[in-house]
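Accompanying notes for the structure given below.
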Amino acid sequence: MFFDTQVQELKYKALKEVATLAWQDNLAKGLLGAAARIVPGPQPTMRCCIYKERAIMEERLRLAMGGDETNENVIEVINIACDECPVAGVHVTESCRGCIAHRCMNACPKNAITIVDHRAHIDQEKCIECGRCVSVCPYSAIVKSTRPCENACKVGAIHMGENKKATIDNDKCIACGACVYQCPFGAIADKSYILDCIRIIRESENNTKYQVFAIAAPSISSQFHNATVEQVAAGLKALGFFNVVEVALGADMVAWREAQELAEKKFLTSSCCPAFVQYIRKNFPDMAEHISHNLSPMGEIAKYIKRIHPGCKVVFVGPCTAKKAERQLERVKDLVDCVITFEELQALFDSKGIDLTQLKGEVLDNASYFGRVFARSGGLAVAVEEALKEHGITEDQFQLNAISCNGISECKAALLRASKNVLPNNFIEGMACENGCIGGAGCITHGPKSRADVDKYGHEAMEKTIRDSIEILNF
């Protein structure tokens, strides 16, 4: 199995089926029996019955084809799949000793706790899940259970609806996809635009009508462990892409410009992670003025490619569900034509029968070490520090004091301090995913080896400085 979990494999099977049918021009007819082909039965292996398993697979197939067009969010809940988690809440365990101190009862602001037969009892109709009883119980006999999706969502965008199904508040959601990866039943998933990718490739008529570029995120180095990055690039060309360009080159561009902007403004928050940018805009609107005015590396390299190759199409390939939302932004939508994840790329390879290990690699050497390590937490700060040096900005003129925030919780802490003018740092590198892009929801695998893979890939770069990487671009 390519993936970390069976949930990812089920998602992959739906993606591969849709892609295979699309290449064959058989989507409308072929979908009629698709769920039964993927879940043949006759005995269920995951749910109560084979019919429910197939009904859920049909929903996965729908998401593989783009999902609900009326829902602006790129993250959706598969309601029929969201029914196995226990209802979250505060409850009393068998550890309750029926003590006479009754601290839990006294701490409850809603009088939801009573003592029945020498044991604490919680009235769920009154309980507001404040957790005060949990903190005061001397036996740790009261616990607060949280559903995995709610626990994964650090921005409070997920709650349980009236039917006890997960509900996403689009006004709070930053499309980071943490809930997608953490839901153990795969009841939350990102919409796929794999059909758009196939359409773009096919309508190019073998790149004669227009050229199709794949721009690959640097975290690709940590994903396809059975093949080299160069073989993955060859695989993308075998799919029908005209050329493959590293987004790390866009990262070099961003680091170069962001260093200049930072030295001028003296305080900045990074623009590279779209989920982090949306988190600031939605939760710290007063801090939005400090977001770097630069495009993300995806936007920057796409802008450059479209300037050099007018009329071309650009498809981003990476680990990030939030990139799908970023692509919808006004300043980006004309630069990037489609976004797919590494999960979806694997499905595309297999839908065409492409074995990466049998391909001769395509050389990718047009980005520096500093652009490539953007993929992991701390990489952007290292790149900006290097860019300041290469610009000739001395410590007397400006001294970098960066903080690299690994995940939304750390981002929140830094932004809170910055909003109160008590943060000692002058540059906030924000990454919504744990460990940075290598922890993105669209990754094939989320292993501790990923960071080492990214650093190794960075050291393989032929360009040793940011200036070496970008000097011929005239961007």
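A salt bridge links Lys323 with Glu326: the closest approach of a Lys/Arg side-chain nitrogen to an acidic carboxylate oxygen falls below 4.0 angstrom. Between Lys456 and Glu460 there is a salt bridge, since a side-chain N of the basic residue sits under 4.0 Å from a carboxylate O of the acidic one. A salt bridge is absent between Glu300 and Lys303: the closest approach of a Lys/Arg side-chain nitrogen to an acidic carboxylate oxygen does not fall below 4.0 angstrom.
Ring geometry for Phe349 against Phe224 counts as perpendicular: the plane angle is over 60°, on a 0 to 90° scale with 30° as the lower cut.
Considering only heavy atoms from C-beta on, Asp455 comes within 4.5 Å of Tyr369 through its side chain. Proximity of Ile340 to Ser192: side-chain heavy atoms (C-beta onward) are nowhere separated by under 4.5 Å. Residues Cys149 and Met160 have side chains in contact (heavy-atom distance under 4.5 Å, counting atoms from C-beta outward). Proximity of Val90 to Ile142: side-chain heavy atoms (C-beta onward) are separated by under 4.5 Å at one or more points. A heavy-atom distance below 4.5 Å is found between the side chains of Ser351 and Trp23. Looking only at side-chain heavy atoms (C-beta outward), Ser204 and Asn206 stay at 4.5 Å or farther from each other. No side-chain heavy atom of Ser140 sits under 4.5 Å from any side-chain heavy atom of Ser95. You'll find the side chain of Lys313 stays beyond 4.5 Å of the side chain of Phe213, heavy atoms only.
A distance-only check finds no donor-acceptor pair linking the side chain of Arg202 to the backbone of Cys197 [under 3.5 Å]. A donor-acceptor pair under 3.5 Å is formed between the side chain of Asn71 and the backbone N or O of Asn73. Distance alone, capped at 3.5 Å, is enough to place a donor-acceptor pair between the Arg47 side chain and the Ala81 backbone. Side-chain N or O atoms of Glu429 include one that pairs as donor or acceptor with a backbone N or O of Gly378 at under 3.5 Å. One N or O on the side chain of Glu53 and one on the backbone of Thr45 form a donor-acceptor pair closer than 3.5 Å. A donor-acceptor contact shorter than 3.5 Å links the side chain of Lys324 to the backbone of Lys191. Arg327 places a side-chain N or O within 3.5 Å of a backbone atom of Val336 that can act as its donor or acceptor partner.
Separation of atoms OG (Ser409) and CD (Glu434) is listed at 7.0 Å; rounding is to 0.5 Å. One distance of note links CD1 of Ile403 with CD of Glu410; it measures 7.5 Å at 0.5 Å rounding. Here the straight-line distance linking atom CD1 of Ile168 with atom SG of Cys153 works out to 8.0 Å at 0.5 Å rounding. Rounded to the nearest 0.5 Å, atoms CZ (Phe374) and OG (Ser368) are 8.5 Å apart. Here Glu59 contributes atom CD and Leu63 contributes atom CG; the two are 7.0 Å apart, rounded to the nearest 0.5 Å. Atom CD1 in Ile444 sits 7.0 Å away from atom CG in Leu345 (nearest 0.5 Å).
Taking the salt bridge (charged side-chain N to carboxylate O under 4.0 Å, His left out) definition, one finds that Lys126 meets it with nothing, sequence neighbours left out. With sequence neighbours excluded, no residue forms a ring-ring contact (aromatic ring centres under 6.0 Å, His included) with His159. Residues passing the ring-ring contact (aromatic ring centres under 6.0 Å, His included) test with Phe342: none are found, sequence neighbours excluded.
Counted by atom type alone, Glu258 and Ser271 present one or more donor-acceptor pairs between their side chains at under 3.5 Å. Remark: the Asp4 side chain and the Thr445 side chain contain an N/O donor-acceptor pair separated by less than 3.5 Å. Asn151 and Thr146 form no side-chain donor-acceptor contact under 3.5 Å, judged by distance and modelled atom types alone.
Within a 6.0 Å radius of CZ in Arg132, no more than 12 heavy atoms belonging to other residues, nucleotides or ligands are found. More than 12 heavy atoms of other shown residues, nucleotides or ligands fall within 6.0 angstrom of atom NZ in Lys165.
Sorted by first and then second residue, the side-chain hydrogen bond (donor to acceptor under 3.5 Å, both in side chains) pairs involving residues 333-343 (not counting sequence neighbours) are Gln8-Glu343, Lys11-Glu343, Lys306-Asp337, Glu330-Lys333, Thr341-Glu344.
Closest approach of Phe276 to Cys411, counting heavy atoms only: CD1-SG, 3.6 Å. Between Phe316 and Ala217 the shortest heavy-atom distance is CZ-CB, 3.9 Å. The minimum heavy-atom distance between Leu61 and Ala35, with the atom names listed, is CD1-N, 3.9 Å. Considering every non-hydrogen atom in both Cys338 and Ile200, the closest pair reads CB-CD1, 3.9 Å. Heavy atoms only, all atoms of each residue included: Ala367 and Glu463 are closest at O-OE1, 3.3 Å. The shortest heavy-atom contact between Val7 and Pro184 is CG2-O, 3.4 Å.
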Review point. Yes or no on side-chain hydrogen bond (donor to acceptor under 3.5 Å, both in side chains) for Glu17 and Tyr12, after CA distance, side-chain angles and deciding distance?
Key: CA-CA 8 Å; Glu17 182 74 13; Tyr12 155 80; over 6 Å; no

Practice item. Please test Asp252 against Ser469 for side-chain hydrogen bond (donor to acceptor under 3.5 Å, both in side chains), starting from the C-alpha separation and ending with a verdict. Key: CA-CA 7 Å; Asp252 282 327; Ser469 176; 2.7 Å; yes

**Study point:** Worked check of side chain to side chain contact (heavy atoms under 4.5 Å, CB included) between Arg199 and Tyr193
**Key:** CA-CA 10 Å; Arg199 175 184 54 77; Tyr193 301 101; over 6 Å; no

Practice item. Go through the steps to decide whether Val454 and Arg372 satisfy the test side chain to side chain contact (heavy atoms under 4.5 Å, CB included), and finish with yes or no. Key: CA-CA 7 Å; Val454 168; Arg372 287 179 171 181; 5.7 Å; no

Exercise for review: Let me see the working for Ile428 and Leu423 under side chain to side chain contact (heavy atoms under 4.5 Å, CB included), right down to the final yes or no.
Suggested key: CA-CA 10 Å; Ile428 301 177; Leu423 183 73; 3.7 Å; yes

Point to revise | Working for side chain to side chain contact (heavy atoms under 4.5 Å, CB included), residues Leu195 and Val18 | key: CA-CA 8 Å; Leu195 290 181; Val18 166; 3.5 Å; yes

Considering only distance and modelled atom types, tabulate donor-acceptor pairs under 3.5 Å from the side chains of residues 277-285, sequence neighbours left out.
| unit_1 | atom_1 | unit_2 | atom_2 | d |
| --- | --- | --- | --- | --- |
| Lys282 | NZ | Asn170 | O | 3.0 |
| Lys282 | NZ | Cys173 | O | 2.5 |
| Asn283 | ND2 | Tyr279 | O | 3.2 |

Validation: residues 229-245 side-chain donor-acceptor distances under 3.5 Å, sequence neighbours left out:
| unit_1 | atom_1 | unit_2 | atom_2 | d |
| --- | --- | --- | --- | --- |
| Gln231 | OE1 | Thr228 | N | 3.0 |
| Gln231 | NE2 | Leu356 | O | 3.4 |
| Gln231 | NE2 | Thr357 | O | 3.3 |
| Gln231 | NE2 | Leu359 | O | 3.1 |
| Lys237 | NZ | Glu362 | OE1 | 3.4 |

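Screening Leu335, Leu329, Ile301 for a side chain to side chain contact (heavy atoms under 4.5 Å, CB included) with Leu295, the sole residue that qualifies is Leu335.
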